[in-house]
Amino acid sequence: TLFRSARNQGLLTTKHQMQLDQMIRRFEQEVHAKKKFFDTELENLERQQKQQIERMEQEHGIHRKEEAKRLRAEQERDYTRFQEQQKLKKKEIKLLVEKLPRAQRKDGMRVKMEEYSQTKIKEEQAFLTSQKEHMALTMNAITAQNRKEICDKERECLDKKQ
């Protein structure tokens with residue numbers, strides 16, 4: 001009976017050990033399956049987020065090009081108006097000179113046209129510089145806004161990962 005009791009105890013211990021080993025294997029399999037599932041989910045999420053950011057960058061590039069084109073067209077219209085104003089100023093000068101006595105007209109025209117030419121060059125340079133600065137500031141603002149949007153999207157993506 002002692003022998004049978006010891007044998008039963010040994011069988012029971014072996015049976016419990018087998019059950020424990022089986023539970024541990026099942027647990028490890030579940031952990032491995034869940035880890036694999038979450039790794040796959042994370043990879044899918046990262047791929048989707050990368051695609052979203054790439055799409056945003058493409059859209060931003062298109063928007064910048066369209067905005068630059070729109071601004072250039074607007075600036076060309078403004079420059080044409082500026083040139084028209086310059087022509088009107090020249091006509092006004094000629095009209096003023098024609099009102100002078102005949103003897104003063106030739107010298108008056110030469111002096112006034114020299115003044116006009118110098119003023120025109122300065123005003124044109126200032127106008128073109130202003131346009132260039134406006135274009136640069138506008139494009140920099142758009143680029144900064146685009147960077148901010150992408151950073152916000154990346155931050156949102158990082159929050160989703162956690």
Side-chain angles (χ1 to χ4, degrees), residues 23-162:
M23 283 174 47
I24 290 172
R25 270 194 308 277
R26 224 178 297 130
F27 176 76
E28 287 172 349
Q29 286 173 343
E30 283 181 33
V31 167
H32 179 71
K34 286 186 179 186
K35 184 181 179 325
K36 189 174 179 180
F37 171 78
F38 287 118
D39 286 347
T40 304
E41 285 294 303
L42 186 60
E43 286 173 14
N44 289 338
L45 184 63
E46 287 172 346
R47 191 175 347 92
Q48 287 174 347
Q49 292 167 350
K50 185 180 176 188
Q51 288 171 346
Q52 285 177 332
I53 289 171
E54 286 171 353
R55 266 194 309 277
M56 282 179 76
E57 288 171 343
Q58 288 174 341
E59 290 168 3
H60 288 160
I62 291 167
H63 178 261
R64 275 193 308 272
K65 285 179 187 173
E66 289 173 350
E67 192 60 22
K69 185 178 176 180
R70 185 193 67 73
L71 265 175
R72 275 193 297 275
E74 182 181 304
Q75 287 184 343
E76 285 174 20
R77 286 189 301 274
D78 291 344
Y79 185 64
T80 301
R81 278 194 292 274
F82 172 80
Q83 288 177 318
E84 292 299 319
Q85 289 173 348
Q86 292 296 324
K87 287 178 187 175
L88 288 175
K89 285 181 185 178
K90 189 174 183 177
K91 282 183 183 178
E92 289 172 8
I93 290 171
K94 285 182 180 180
L95 288 174
L96 283 174
V97 170
E98 285 177 12
K99 291 180 181 177
L100 292 174
R102 194 178 284 273
Q104 297 175 2
R105 284 185 198 164
K106 188 176 180 182
D107 284 338
M109 182 65 83
R110 185 181 49 77
V111 170
K112 292 289 182 187
M113 282 299 131
E114 282 177 18
E115 289 173 3
Y116 165 76
S117 288
Q118 291 173 1
T119 304
K120 180 184 176 215
I121 289 170
K122 289 177 186 171
E123 288 176 357
E124 190 167 14
Q125 286 174 343
F127 184 83
L128 293 173
T129 299
S130 169
Q131 281 193 327
K132 207 179 263 187
E133 288 172 358
H134 177 68
M135 175 70 87
L137 286 172
T138 302
M139 297 313 293
N140 287 342
I142 290 171
T143 300
Q145 179 61 32
N146 291 348
R147 277 196 209 116
K148 182 188 178 309
E149 288 173 11
I150 287 174
C151 284
D152 290 346
K153 179 54 106 173
E154 287 174 343
R155 190 173 299 110
E156 178 186 318
C157 292
L158 282 174
D159 290 344
K160 283 184 181 177
K161 284 181 188 177
Q162 295 174 350

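The first residue of the sequence shown is numbered 1, and numbering continues consecutively from there. This structure is a prediction, so every number in the text was calculated from the model and none was measured.
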message = Evaluate Val111 against Glu114 for side chain to side chain contact (heavy atoms under 4.5 Å, CB included), listing each step before the verdict.
response = CA-CA 5 Å; Val111 170; Glu114 282 177 18; 5.8 Å; no
Any donor-acceptor N/O pair, Ser130 side chain to Ala126 backbone, under 3.5 Å
no
Please determine whether the number of non-hydrogen atoms from other residues, nucleotides or ligands lying under 6.0 Å from atom CZ of Arg102 exceeds 12. no
Donor-acceptor pair, Tyr116 side chain versus Gln86 backbone, under 3.5 Å? yes
Notebook entry, point to check: Do the side chains of Met113 and Val97 get nearer than 4.5 Å, heavy atoms only?
Noted result: no
Rounded to the nearest 0.5 Å, the CG atom of Leu42 sits from the CZ atom of Arg47 at a distance of 11.0 Å
Heavy-atom nearest pair, Arg105 first then Leu100, reads NE-O, 3.0 Å
Taking 4.0 angstrom as the limit, do Arg70 and Glu66 come out as a salt bridge? no
| request: Indicate whether any N or O donor in one side chain lies under 3.5 Å from an N or O acceptor in the other, for Tyr79 and Gln75. | output: no
Value for CD (Gln51) from CD (Gln58), rounded to nearest 0.5 Å, stands at 10.5 Å
dist Ile142:CD1 -> Arg147:CZ (nearest 0.5 Å) comes out at 12.5 Å
When rounded to the nearest 0.5 Å, the distance separating CE of Met56 from CG of Asp152 is 8.0 Å
- prompt: Does the side chain of Gln48 reach to within under 4.5 Å of the side chain of Lys160, using non-hydrogen atoms?
  reply: no
* To do: Determine, stepwise, if the pair Glu30 / Lys34 fulfils salt bridge (charged side-chain N to carboxylate O under 4.0 Å, His left out).
  => CA-CA 6 Å; Glu30 283 181 33; Lys34 286 186 179 186; 5.1 Å; no
Between Asn146 and Arg64 the two heavy atoms that sit nearest each other are ND2-NH1, 2.8 Å
Basic-acidic side-chain contact under 4.0 Å: Asp39, Lys36 | no
Please lay out, stage by stage, how Leu128 and Lys132 fare under the test side chain to side chain contact (heavy atoms under 4.5 Å, CB included). CA-CA 6 Å; Leu128 293 173; Lys132 207 179 263 187; over 6 Å; no
Before you tell me yes or no, could you show the steps for Asp78 and Arg81 under side chain to side chain contact (heavy atoms under 4.5 Å, CB included), namely the whole-Å CA-CA distance, both residues' side-chain angles and the distance that decides it to 0.1 Å?
CA-CA 5 Å; Asp78 291 344; Arg81 278 194 292 274; 2.3 Å; yes
- How about Gln145 and Glu149: does a side-chain donor come under 3.5 Å of a side-chain acceptor? yes
(Q) Pair Lys50, Glu46 - check side chain to side chain contact (heavy atoms under 4.5 Å, CB included), show working. (A) CA-CA 6 Å; Lys50 185 180 176 188; Glu46 287 172 346; over 6 Å; no
Salt bridge check, Glu156 against Lys153: does any charged N sit closer than 4.0 Å to a carboxylate O?
yes
Heavy-atom nearest pair, Ala68 first then Met135, reads O-CE, 3.8 Å
Less than 4.5 Å apart, side chain to side chain, heavy atoms only: is that true for His60 and Ile150?
yes
Here the gap from Lys120 atom NZ to Gln83 atom CD, rounded to the nearest 0.5 Å, amounts to 7.0 Å
In short, Met109 meets Lys94 closest at the heavy-atom pair CE-CG, 3.9 Å
Rounded to the nearest 0.5 Å, the NZ atom of Lys148 sits from the CZ atom of Arg155 at a distance of 7.5 Å
